[in-house]
Each structure stands twice: as structure tokens, then as C-alpha cells.
Amino acid sequence: MDFKKLVSHCKEYGFIFQSSEIYDGLSAAYDYGPLGSELKNNIKQYWWKSMVQMHKNIVGIDASIFMHPKTWKASGHVDAFNDPLIDNKDSKKRYRADQLIEGYAEKIEAKILKDVVKAQKRFGDDFDEAQFRSTNNRIIERQAKIDHAINTMNKLLGDGDMEGLKNLIDELEIACPDSGSRNWTEVRQFNLMFSTQLGNIAGEEGKLYLRPETAQGIFVNFLNVQKSTRQKIPFGIAQIGKAFRNEIVARQFIFRMREFEQMEMQFFVRPGEEMKWYDYWKQTRLDWHKALGTPAENLRFHDHDNLAHYANAAVDIEFKFPFGFRELEGIHSRTDFDLSSHQELSGKKLQYFDPELNKNYVPYVVETSIGCDRMFLAQVGQSLQEETVPDASGNDSTRTVMKLHPALSPVKAAILPLVKNKEELVKAATDVFDKVKPHVLCQYDEKDAIGRRYRRQDAIGTPYSITIDFETLENNTVTIRDRDTLEQRRIGIDEIAKEVSDKTNINSLF
Ligand code: ATP
């Protein structure tokens, strides 16, 4: 579905609102509405259960957002958590230098794709894309331009060479997307951490940061958790919580926000065994996404060309968002970087005694890190569809339907009296609602014709609509309508709770 429509659908139905909208909003901050908070909770529950409940060697914690300022010195965030920033002097717009260069490469790639599509049409079934790409001169030339831009950029980013990045932007003749001007400032490093001040201590001493990732709360608690739970390596610690980043360019709705929520798990392993676990978690996390019915072609791995200061291997699980493939989750082999730095700066040992090896060591870490909000956008983006279905009289009609996995759907069952002006029906429907509500989240709706009410439930992804009609009064049965197949069956009132719970339970995903 068109991205603008998706955003307005989220607002109209109470999934997501712009933060502080009555004051014209605060950019890159969003509020989850009644349905959005249910969907987000279901995503978190699916992640938490699959990590903590399904693994006897993973436990959860909930650390505070504020941490001792030395944490961020040790983790490298004070010195190295920067984005290269550049301003256009004419439009006064601010950009990330790497994103400008990537935008340049994407434009050329779009031209290549156009040629590929044209050739595909011309050659029909005999078309071999790989051969075409490797022999067509125009494409070879364009691909070389892309490779030059991206490879040079990666090298410059790796070297922290800001002057080189500015020269590259000039060399590629990149213009401001807003004004078309090439009048750029120098490129500067910009630290992404938000800071705030402790009330009772003045100056640098009292400077606190809002955590830019949840992981550090896990690292500093490594021994507390290990000792209190008597876990043996390999074991993991999971956490869900808010993180904050002062993103330079925050756009694309909830894809890039300044306040967002992460679901992270740090898995502590023996040094030397990290690649085995890295492969294990790559596959396990991909399977987690696929279990929701996400088609394989919407997901792909992307190895990092540019490793972060703490990693010896890193891969993204990318998802095909409405604006193209982008990072949804990261799997990183973080070595012993974090624990060793905390050990050094705090002067406290963060080691594990391995009884099998009979020695102490600082464990290595493989982490899985996914943004809850990006996962939300991925699920809504992929499941929100417009389709043609037969209406009550058999004619074609268009419906907007959110085909979420039933385990994620905010409302599991709609309870609908066929008409609202018959007291017996309303009473029977209210009784059904009361009977089913302890088991699953239900919505009672009696307004408008039944067809319109079904459409409203389709639009919010409710998997089952239960209609209470005159036959209900005679034999205690109702119709249950399936959102996806539109099939309607009669079942007994006493069967509703079990039927809907079984089919919408998170456990059905394991
Ligand atoms: P990007 O390259 O998109 O900035 P990143 O590589 O900095 O992301 P990580 O530090 O690996 O991201 O963070 C782990 C996960 O947290 C990401 O995969 C993403 O889902 C989520 N995330 C990171 N930054 C944001 C943000 N500004 N808004 C929403 N989610 C985010």
C-alpha cells in the first residue's frame, strides 16, 4: 500500500499519532494509540516468549535508562557514536553525509533497474539478468560509478576522514535534494547521544546520557545476573526498553525516531565459539520473522561492510519496507569488547569461571538487536492491503484489510449484535462479550449495518467477527466470520472462547 495511506490509516484507526499533535507535533516522536499499543505489546510478547520462555539458558532483565556516565565512555559511545553531518548553505537543510552518497548510488541503481526492466520486456523468457548486467556497457559503467562511490565512502568512514567525505560529495557533484545547490559546509562529526543534567551535581560530573542502546544495562549486570541465576556459559540476557538517539535526519514515520524501543539479547559464549553462535542466531532470528508468515522474499541478510568498533562480524536482517530494503534487526558478534572495557574502567572483574575448562575468562558476546517500532512498521506495512471481495449481494467491492498474524492482531474477536434496536439481541451479545472477554481482547460494536462493521474490523486486523442473530436466541449458536477467507460458520456460544484463543495465541507461533 502507498506509504502516505499507511500513515493516515494508522492515525484514523488509533494505531499511531504524531507526538504533541495539538502543538503541530514534535518531529520523530510518535504516540501509540489504543490499537497500536496492543499490537506493540503483542510484538514484544512474541519476542520475549521466544527468547526467555523458550530457552532455558536465557533470562530477562529491566535495567534503568540512566546509567553511570562512565558506562558510555567504556562502551565507546562518547568518542565514537557519531554520524557525519553536512549542511547546505543555501537551503539551510542538514544531512548525513553517508546518506547523501548512498542516495547518489540509489539513483544510479534505479537507472540500471529501468534498463533491466526494458530488456526483460524485449527478450521475454530468454532474458538472463546476470548476463545482461555483466555485458551491457552502459550498465557496467553505471555499476562502476556506484562501486566507486560506496567503496570510497566506506573507506573514508572507517578512517574517520571527514575532509575526504566532503571531497567525495564535491567530486560526485551531489546537490541538495531540497534546493539543488552544491554549496556545502564541511563535514562534521555529530554525537547522537542525548544528554541531561543531574539536579544535585553541577557541571560535567553531573552530566547523564539517555541510553542510546539497551545493551549496556545488560553488560554491567552480567555478573549480577550470572551469579543470581547460576547460569552457565553459554547463556543469554534479554531486555526490552527505550533507547534514545539524536538522529540528524529522522523521517519515514516510525522507521527512524529519536525515542524508540529496542528488544535486545546478549548471548555470552566461550571465546573462539562466537562464530558458531553467530550463525545459530542468524538462522534463529530469521526463522522468528518467517513464523509470522513474512514471505522469504521480503527478508534478506546484509553483511556489514563497515564494522562497528566493537564487532568482528555483523549482519542486518533487512526487510522490504514500502521505501525499499532497510535494516530491521542487527546480529552482531561483539567480541569481549564491552565487558573488557567495563572491567578496565570500573576496576571490577567481569569474568566467568568455566568449570569445564577450569579457567577464568571474559566471555565473548553475540547479540541480536531489533527495533520494536521497525518491527511494527514492517508488520503493518506488509499486512495492510486493499483487495476486491464479493459483498453481501455478491457484487465486487473493495476492502481495506490488515492481514496480521492473528497472534499479533490487537483485537482478537469482534462481538456484533446483528441489529442494535432489538433488546434481546443486544442482551445476548453483551452476555457473549462478558463470557469471552477474560480469554481474549474483544471489541463490542453495534453501530451501523453489519457489513460496515465487518469492514471496520478488517481494517484493524481482527481475525474473527462473532455475530449474534435471531437464531442465537433459539439455539445458543452464533456465526463466526474469518477475516481472511470470509467464511462464516455457526458455532455454539460455549465454543467461542476456546476456538478464538487457540487460533490467536502467541504459542501457536512456536
Ligand atoms: P540504522 O543504520 O538504521 O541507523 P543502526 O545500525 O544504528 O540502524 P543498531 O544500533 O544496530 O541500529 O540498533 C538495533 C536496532 O534498533 C535496529 O536494527 C533498528 O531496528 C533499531 N533502531 C535503531 N535506530 C533506530 C531509530 N532511530 N528509530 C527506530 N528504530 C531504531
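We count ligands from 1, going down the list as the structure has it; atoms in each ligand are counted the same way.
Only the backbone of L328 comes within contact range of ligand 1, with a heavy atom under 4.0 Å; no side-chain atom does. With a heavy-atom cut-off of 4.0 Å, M375 does not touch ligand 1 at all. Contact annotation: for E264 versus ligand 1, there are no heavy atoms closer than 4.0 Å.
For atom 9 (P) of ligand 1, the nearest non-hydrogen atom from the set R245, E247, R374, R258 comes from R245. Considering only non-hydrogen atoms, atom 6 (O) of ligand 1 lies nearest to E327 out of R96, E327, Q252.
Less than 4.0 angstrom separates some heavy atom of E329 from each of these atoms of ligand 1: 18 (O). Annotation for ligand 1: atoms under 4.0 Å from non-hydrogen atoms of R256 are 1 (P), 3 (O), 4 (O), 26 (C), 27 (N), 28 (N). Distances below 4.0 Å separate heavy atoms of H332 from the following atoms of ligand 1: 11 (O). The ligand atoms of ligand 1 that sit less than 4.0 angstrom from a heavy atom of S369 are 13 (O), 14 (C), 15 (C), 18 (O).
The existence of a salt bridge linking D98 and R96 is confirmed by a sub-4.0 Å separation between a basic side-chain nitrogen and an acidic carboxylate oxygen.
Note on residues 207-228: pairs passing side chain to side chain donor-acceptor pair (under 3.5 Å), not counting sequence neighbours, are E213-Q216, E213-R334, T214-E264, Q216-D338, Q216-H342, N221-N224.
A search for salt bridge (charged side-chain N to carboxylate O under 4.0 Å, His left out) contacts involving E109 returns R133, not counting sequence neighbours.
No N or O atom of F260 sits closer than 3.5 Å to an N or O atom of ligand 1. Below 3.5 Å of separation, one finds an N or O of M257 facing an N or O of ligand 1. Residue contacts with ligand 1: I254 is placed with no nitrogen or oxygen under 3.5 Å of a nitrogen or oxygen of the ligand (distance criterion only).
Residues W288 and S50 bring a donor and an acceptor atom of their side chains to less than 3.5 Å of each other. In summary, the side chains of K49 and N507 do present a donor paired with an acceptor at a separation below 3.5 Å, with no hydrogens or angles considered.
Within 6.0 Å of CD on E163 lie no more than 12 heavy atoms contributed by other residues, nucleotides or ligands. At most 12 non-hydrogen atoms from other residues, nucleotides or ligands lie less than 6.0 angstrom from NZ of K320.
In this structure, atom 29 (C) of ligand 1 lies nearest to the protein heavy atom F255 O, 3.2 Å. Taking atom 13 (O) of ligand 1 as the reference point, the nearest protein heavy-atom neighbour is Q262 NE2, 3.5 Å.
Interatomic distance, CG of L350 versus CD of E344, reported as 11.5 Å (0.5 Å rounding). Separating the CD1 atom in I317 from the CZ atom in R374 is a distance of 13.0 Å, to the nearest 0.5 Å.
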